[in-house]
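To start, the structure itself, in structure tokens.
In what follows, every chain begins at residue 1, and chains take the letters A, B, ... in the order their sequences are listed. Computed over heavy atoms, backbone and side chain alike; hydrogens, waters and symmetry mates excluded.
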Protein chains: 2
Amino acid sequence: MLHVAEAARVSVATVSAYINGTTTVSRELSGRIEQAIREIGYKRNAIARSLKIGTTRTIGLTVPHITNPFFTDVVSVIQQAFDRAGYAVMLCCTDEDLNNQDEQIRLLLDRMVDGLIIARVGDGAYLKETVERANVPVVLLDREVDDVDSDRVVLDNHQAVFDAITYLLDLGHRRIGYITGAFNITPMRDRMTGYHEALLNAGLAFDQSLVRSGDLHEADGYTAAMQLLSLHDRPTAIFSANNPMVVGAMKAIRDLGLSCPEDVSVICFDDFPWADVFNPQLTTIAQPVQAIGEQTASLLLDRLNGNREAPSRRLVLKGRLMVRNSCRPLQAGANTTASVA
Amino acid sequence: MLHVAEAARVSVATVSAYINGTTTVSRELSGRIEQAIREIGYKRNAIARSLKIGTTRTIGLTVPHITNPFFTDVVSVIQQAFDRAGYAVMLCCTDEDLNNQDEQIRLLLDRMVDGLIIARVGDGAYLKETVERANVPVVLLDREVDDVDSDRVVLDNHQAVFDAITYLLDLGHRRIGYITGAFNITPMRDRMTGYHEALLNAGLAFDQSLVRSGDLHEADGYTAAMQLLSLHDRPTAIFSANNPMVVGAMKAIRDLGLSCPEDVSVICFDDFPWADVFNPQLTTIAQPVQAIGEQTASLLLDRLNGNREAPSRRLVLKGRLMVRNSCRPLQAGANTTASVA
DNA sequence: AAAGCTAATCTAAACGTTTCGAATTAGTCA
DNA sequence: TGACTAATTCGAAACGTTTAGATTAGCTTT
């Protein structure tokens, strides 16, 4: 900018005023400045600017895994929204690891991001302090943390799973295997209660042996399904609480020489673009990813636009059961408890 | 930092020296500083630091679409690599739009990223100037631009498609539909020549009516496949030059009441996690995404670590045909040219 | 013609670091 | 003891902007 000022024979203040339109600058000087900028190929240094004005027009976004199609989509939507609003987004993937998350949030905060979107990992308590210290607005995505004062957008996980399990029950399934992750993140907890309540609602007892929990990865889904399907009276249906694990589960089904939906019905959380193209066409719970992403972005943008003091908001969206053909109705006879080899 | 210095009754220079380990600072002052930092909850302002030292430890990454599984994976790998190296990554999605790309690169450069990874969009010429002006190292990913002096890592697209088409020819297919995108990006060009050469190699004539090009999106794949499969003597196999388009193509096949591989064999570029779980298990060309991501990151990191003057490097990796069951051998009779309704 | 406006431009301080070189202190050696 | 060296610590300038307030010039008004 100094060079531009010299070349245009004006002060840097005038150049700044011209660029930002802060003050009117005469036709004459405008012309000289414009030309100098062009000749020199000057670009404003956003770092210096940020230092001065105290805002970076950058936000931080951390998710567990970008390869999980739910997060892929949500990240994509969020990215677009901030792009439109003139913000850059720094993306971090925690890989479901608490240390990574800590480190990355610290990194983002150091870099003076204007806001933070966090799909957290690990125990909520850890994050509470971090969030409260960060004096930038944060919105929690998908996974909440209790009694921390920040905006959040989540799914009605309980209801969504309740619906899905009820659907299976209506088809006549009684032994429904449930593959989940650790309960230290809210969605897994809420999804589980949906399972519970659906069983309860149908007057069925809860059988602990039908629940397997892993670490949310494909491999965990594989082992979980392997175990479930090796039970003496194996479940007639399997519900997977996330998408990566269902891939593992399907592989287990394949490797055991079973097939879906003939031998075992399957439903999973999170829809994906291929679901209705290949067979079996998986019945899934679709989250409204577009809405989730947009709402998340707009909550944060609202704060960034100055609405700092409003009480924290909690948006709850509804999932939708996408019924396809991975679940088959059971004959009346097979309902009760038995199964065949 | 000023506050820390005051609280510890030392100068800011000493605090800085302590934090960075630039100079030895006595046990006594170290203790006071440490305590002051803790009490105040001080975090170094990376923006101010960047301004001074002229480096942001941030890189920019632009890809067309993060939802395309190839890019999802590559982004994921790259992100991890830079995370490990202590860099943040700013992610931009151009949505295959040239203006977006221009704007985003400008934005990233303004923000003084230390380096840039670009999977470009649109005509190469546009980018050439931008890349040459940016005085940070850039590495081109997947899509090259001619005669610009920068590192790049690409796939041997020609060979990969040659192999895939040859595989189809060996199965007896003679009329192979080809769904592609505009030829202003190198991979689409190179993939096409692979198709050409495989036909040539088999002594077959090139039939323009079997080639449809769209805009790389799912919808384009759908229309392309619709058109191909409505031809009087429709192709017995379809090759899709990217992944999103094959989803569309599969939907077209389904909507026409056809099935794969019985009525039409299918191969697509880019593997995806579900490929061997659902039916038909799609035969694909798998790119070594892990290697691509890591090589890309390491080329850039090498430059960032000071190796600025080395001549630009071009890494070419090999694709691999993942043979599954979406292609069926044709009976000797059906080979020549005819087909059934 | 002096005073008062308005519009345009400029000077200089500030943002929070790093870093150079100077200053201080302590220790060592002749 | 005094000079020299080494180890610490510090003052102040610099990075490239923004911005408050000062200055100047050109008009208008009385």
Side-chain angles (χ1 to χ4, degrees), chain A residues 1-37 40-58 86 88 106-114 134-136, chain B residues 1-37 40-58 86 88 106-114 134-136:
Chain A
M1 188 179 258
L2 180 62
H3 297 124
V4 172
E6 278 167 2
R9 303 187 309 281
V10 299
S11 75
V12 290
T14 308
V15 177
S16 177
Y18 170 74
I19 290 176
N20 297 310
T22 322
T23 324
T24 48
V25 358
S26 67
R27 288 188 79 70
E28 158 127 22
L29 296 205
S30 293
R32 296 216 303 262
I33 293 171
E34 184 57 37
Q35 187 189 349
I37 287 176
I40 297 183
Y42 167 78
K43 313 196 115 202
R44 176 165 71 187
N45 180 328
I47 294 294
R49 172 161 222 263
S50 289
L51 176 60
K52 185 60 179 140
I53 69 179
T55 179
T56 52
R57 283 206 154 261
T58 300
R106 206 179 51 63
L107 202 94
L108 291 170
L109 255 17
D110 280 0
R111 280 182 170 72
M112 301 280 132
V113 291
D114 291 343
N135 53 2
V136 297
Chain B
M1 188 178 253
L2 181 61
H3 297 123
V4 172
E6 279 167 1
R9 304 187 307 281
V10 300
S11 74
V12 291
T14 310
V15 177
S16 177
Y18 171 72
I19 291 177
N20 298 310
T22 322
T23 324
T24 48
V25 0
S26 68
R27 289 188 77 70
E28 158 128 21
L29 295 206
S30 292
R32 296 217 303 262
I33 293 171
E34 185 57 36
Q35 187 188 351
I37 286 177
I40 296 183
Y42 167 79
K43 314 195 115 203
R44 176 165 71 188
N45 181 328
I47 295 294
R49 171 161 223 263
S50 290
L51 176 60
K52 186 61 178 135
I53 69 180
T55 179
T56 53
R57 276 193 114 46
T58 300
R106 208 179 49 65
L107 201 94
L108 291 169
L109 256 17
D110 279 1
R111 281 184 171 70
M112 301 280 133
V113 290
D114 291 343
N135 53 2
V136 297

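Annotation: side-chain hydrogen bond (donor to acceptor under 3.5 Å, both in side chains) contacts of A/Y18 (sequence neighbours excluded): A/E34. Partners of A/T55 under the side-chain hydrogen bond (donor to acceptor under 3.5 Å, both in side chains) rule, at least two apart in sequence or in another chain, are A/D114.
Listed by first and then second residue, the salt bridge (Lys or Arg N to Asp or Glu O under 4.0 Å) pairs involving residues 8-31 of chain A are A/E28-A/R32 (not counting sequence neighbours).
Nearest heavy-atom pair, A/A134 versus A/L109, reported as atom, atom and distance to 0.1 Å: CB-CD2, 3.7 Å. Residues B/L51 and A/I47 share a closest heavy-atom pair of N-CG2, 3.7 Å. The two residues B/A5 and B/S11 make their nearest non-hydrogen contact at CB-C, 3.8 Å.
For the segment residues 15-28 of chain A, residues with any heavy atom less than 4.0 angstrom from an atom of DNA chain D are, sorted by number, A/S16, A/N20. Taken residue by residue, residues 44-54 of chain B places heavy atoms nearer than 4.0 Å to DNA chain C at B/R44, B/N45, B/A48, B/R49, B/K52, B/I53.
B/L29 places its CG atom 17 Å from the P atom of C/dT24, with the value rounded to the nearest Å. Per the geometry, CZ belonging to B/R57 stands 17 Å off C1' belonging to C/dT17, to the nearest Å.
Heavy-atom contacts of chain B under 4.0 Å fall on DNA chain D between two terminal nucleotides, which in 5' to 3' order are D/dT8 to D/dG16.
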Q: Go through B/D110 and A/R49 one step at a time and tell me if the side chain to side chain contact (heavy atoms under 4.5 Å, CB included) criterion holds.
A: CA-CA 10 Å; B/D110 279 1; A/R49 172 161 222 263; over 6 Å; no
Q. Does the side chain to side chain contact (heavy atoms under 4.5 Å, CB included) test come out yes or no for A/V25 and A/V10, once each step is laid out?
A. CA-CA 11 Å; A/V25 358; A/V10 299; over 6 Å; no
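When atom types are taken as modelled, the side chain of A/T56 and the backbone of A/M112 share a donor-acceptor pair closer than 3.5 angstrom.
A donor-acceptor contact closer than 3.5 angstrom is absent between the side chains of A/R111 and A/T58.
An OP1 or OP2 oxygen of C/dC10 is reached within less than 4.0 angstrom by a side-chain nitrogen or oxygen of A/T14.
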